[in-house]
Amino acid sequence: ALIEVNGMADHVHILTRLWPTHRLSDKLSAVKSVSSGRLKRRPELAHFAWQTGYGAFSVSRSDVEAVRAYIQNQ
């Protein structure tokens, strides 16, 4: 479940809940694929490409609101 998303010129922060049966690599591959397709339809973004790889961190339930606020204020 998506909790929060926000981006900067050169990166995106996504806070989401993943179940143990979800593979992070599969989820991020889907995000990159769908978003690339949509962005490249805009002429000014036709050159858009995601970088290879990603960074991921676990967050405890008690820290979710603090991380959400951090992402909102990017």
Side-chain angles (χ1 to χ4, degrees):
L2 181 64
I3 299 170
E4 196 67 48
V5 63
N6 201 0
M8 303 292 289
D10 62 350
H11 68 277
V12 175
H13 289 163
I14 300 171
L15 179 61
T16 187
R17 181 178 302 114
L18 294 179
W19 302 109
T21 56
H22 293 165
R23 291 188 347 190
L24 180 61
S25 60
D26 290 343
K27 296 296 181 181
L28 285 174
S29 178
V31 166
K32 287 181 171 185
S33 176
V34 171
S35 60
S36 289
R38 289 182 181 174
L39 290 170
K40 287 181 178 184
R41 288 187 200 125
R42 297 176 59 179
E44 70 274 19
L45 297 174
H47 66 282
F48 177 84
W50 285 102
Q51 70 181 38
T52 302
Y54 54 86
F57 306 90
S58 296
V59 177
S60 67
R61 286 184 183 180
S62 62
D63 289 329
V64 165
E65 288 308 313
V67 173
R68 175 183 247 170
Y70 174 81
I71 292 171
Q72 288 174 342
N73 292 308
Q74 286 292 290

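Source: prediction; values computed, not measured.
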Checklist entry - Do Val67 and Leu18 sit in the same hydrophobic cluster, where Ile, Leu, Val, Met, Phe, Trp and Tyr count as joined when their side-chain heavy atoms come under 4.5 Å apart? => result no

Next on the checklist: Tell me whether Tyr70 at atom OH has more than 12 heavy atoms from other residues, nucleotides or ligands lying less than 6.0 Å away.
Outcome noted: no

Item to check | Asp63 side chain to Ser60 side chain, donor-acceptor N/O pair below 3.5 angstrom | outcome: yes

Next on the checklist: Measuring from atom CG of Leu28 to atom OG of Ser33, what distance do you get when rounded to the nearest 0.5 angstrom?
Outcome noted: 12.0 Å

Checklist entry - Backbone N or O of Ile3 within a donor-acceptor pair of the Arg68 side chain at under 3.5 Å? => result yes

Next on the checklist: Quick check for you: to the nearest 0.5 Å, what is the distance between Leu15 atom CG and Asn6 atom CG?
Outcome noted: 12.0 Å

Item to check | Same cluster (ILVMFWY, side-chain, under 4.5 Å), Val12 and Leu2 | outcome: yes

Item to check | Atom pair OG/CH2 of Ser29 and Trp50 - distance to nearest 0.5 Å | outcome: 12.0 Å

Item to check | Atom of Lys32, atom of Gln51 and distance for their closest heavy-atom approach | outcome: NZ-O, 3.0 Å

Next on the checklist: If we ignore hydrogens and angles and just use 3.5 Å, is the side chain of Ser35 paired with the main-chain N or O of Val31 as donor and acceptor?
Outcome noted: yes

Checklist entry - Does Gln74 reach the side chain of His11, with side-chain heavy atoms less than 4.5 Å apart? => result yes

Checklist entry - With distance as the sole test, does Lys27 use its side chain to make a donor-acceptor pair with the main-chain N or O of Thr16 at under 3.5 Å? => result no

Next on the checklist: Under 4.5 Å between side-chain heavy atoms, counting indirect links through other Ile/Leu/Val/Met/Phe/Trp/Tyr residues: same cluster for Phe48 and Val5 or not?
Outcome noted: yes

Checklist outcome for this item: What one should report as the nearest heavy-atom pair of Gly37 and Arg41 is O-CG, 3.4 Å

Checklist outcome for this item: Smallest heavy-atom separation, Glu44 atom then Arg42 atom, equals OE2-NH2, 2.7 Å

Next on the checklist: With a 4.5 Å cut-off on side-chain heavy atoms, are Ile71 and His13 touching?
Outcome noted: yes

